[in-house]
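Note that these values count all heavy atoms, side chains included, but never hydrogens, waters or copies made by symmetry.
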Amino acid sequence: MFDSQQQRQALSDTIRDLHQRGWCDGTGGNFSLVLQKMPLRLLMAPSGIEKRKIEADELIEVDSSGKVIQGEGRASAETDMHLKIIEQTNAKAVLHTHSITATWLSNHYKNTGKITIEGWEMLKGLQGINSHSTSISLPILLNNQNLAQLSQAAGELVNDAPYGLLVAGHGLYAWGESLNEARRHVEILEFLLELCWREQLIGSQKS
Ligand SMILES: CSCCC(=O)C(=O)COP(=O)(O)O
Ligand SMILES: [Zn+2]
């Protein structure tokens, strides 16, 4: 079992790595790790912090109502989304990225409410998938600055979602039963979205 300092280090390392991938530029994205389930204690990046240089001691602890219980700064504007996903699934970590690919595709497909992805070997990186011959539907929610409404809408979808969902014109939420699993799911989903985007680009060049 990791102690709290190791968890801080693991989460801040993950955030900086995701920044290096170009998936949370500037202050974009937010990230959480469950320290304790009952009562809930969530380790999170504070609101408005640059993800490029976040350090372990800058992370804050948040309770089940989104109140900061340890550390400096405000809770993320999107804390409700993290709380809802953790409340409704077995997630121990939620990673929210703002890649160009997820931002563009979620906007492009927002009227269909989902992106269907099928047939790729990399699908097997998602927990529970054992064959390329499968199909996932990544739900897309319309963006909403009212986080109570956005998280309620997310709550209706998370149990059928493939460890991820998109918010239109905004980004990806991915989760897992450990920080490692959540990170793998971000990498897999971002990879699959990148394939969709490149297919779109090739398609639009042909026509
Ligand atoms: C330029 S980031 C806009 C806000 C956002 O979508 C995000 O993920 C970061 O919000 P936070 O309050 O966690 O800084
Ligand atoms: Zn965001």
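Remark: the backbone N or O of L59 is paired with a side-chain donor or acceptor of R8 at under 3.5 angstrom. The closest donor-acceptor contact from the side chain of Q36 to the backbone of P39 lies under 3.5 Å. A distance-only check finds a donor-acceptor pair linking the side chain of E181 to the backbone of E177 [under 3.5 Å]. Q149 places no side-chain N or O within donor-acceptor distance of the main-chain N or O of N146, the cut-off being under 3.5 Å. Checked by atom type and distance alone, the side chain of R16 pairs as donor or acceptor with a backbone atom of I54 at under 3.5 Å. Checked by atom type and distance alone, the side chain of T89 pairs as donor or acceptor with a backbone atom of I85 at under 3.5 Å. Judged by distance alone, the side chain of S12 and the main-chain N or O of Q9 form a donor-acceptor pair under 3.5 Å. Not a single donor-acceptor pair under 3.5 Å links the side chain of K124 to the backbone N or O of H132. When atom types are taken as modelled, the side chain of S106 and the backbone of V167 share a donor-acceptor pair closer than 3.5 angstrom. The main-chain N or O of T112 is never found under 3.5 Å from a side-chain atom of K114 such that the two would form a donor-acceptor pair.
Atom CG of L33 and atom CG of L43 lie 6.0 Å apart (nearest 0.5 Å). Put simply, CD1 on I129 and CD1 on I136 are 6.0 Å apart, with the number rounded to the nearest 0.5 Å. For the atom pair CH2 (W120) and CG (L195), the distance works out to 5.0 Å, reported to the nearest 0.5 Å. The distance from atom CD1 of I140 to atom CG of N107, rounded to the nearest 0.5 Å, is 9.0 Å.
Between L166 and L105 there is no side-chain heavy-atom pair separated by less than 4.5 Å. Side-chain atoms of V34 and V94, non-hydrogen and from C-beta on, never get closer than 4.5 Å to each other.
For R41 and E61, the salt-bridge test passes: some basic side-chain N is under 4.0 Å from an acidic carboxylate O. Using a 4.0 Å cut-off between a side-chain N of Lys or Arg and a carboxylate O of Asp or Glu, D17 and R183 qualify as a salt bridge.
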Is there a side chain to side chain donor-acceptor pair (under 3.5 Å) between T101 and E194? Walk through the geometry before answering.
CA-CA 6 Å; T101 306; E194 186 74 29; 2.8 Å; yes

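Using modelled atom types, one finds a donor on one side chain and an acceptor on the other under 3.5 Å when comparing S65 with D63.
Ring geometry for H96 against H98 counts as perpendicular: the plane angle is over 60°, on a 0 to 90° scale with 30° as the lower cut.
Ring pair H19/W23: centre-to-centre distance not below 6.0 Å. Aromatic rings of H82 and F31 (six-membered ring for Trp) have centroids beyond the 6.0 Å cut-off, not under it.
Within 6.0 Å of CG on N180 lie no more than 12 heavy atoms contributed by other residues, nucleotides or ligands. More than 12 heavy atoms of other residues, nucleotides or ligands shown are found within 6.0 angstrom of CD1 on I69.
Tested against H185 for a ring-ring contact (aromatic ring centres under 6.0 Å, His included), the candidates F191, W175, Y163 yield a single pass: Y163.
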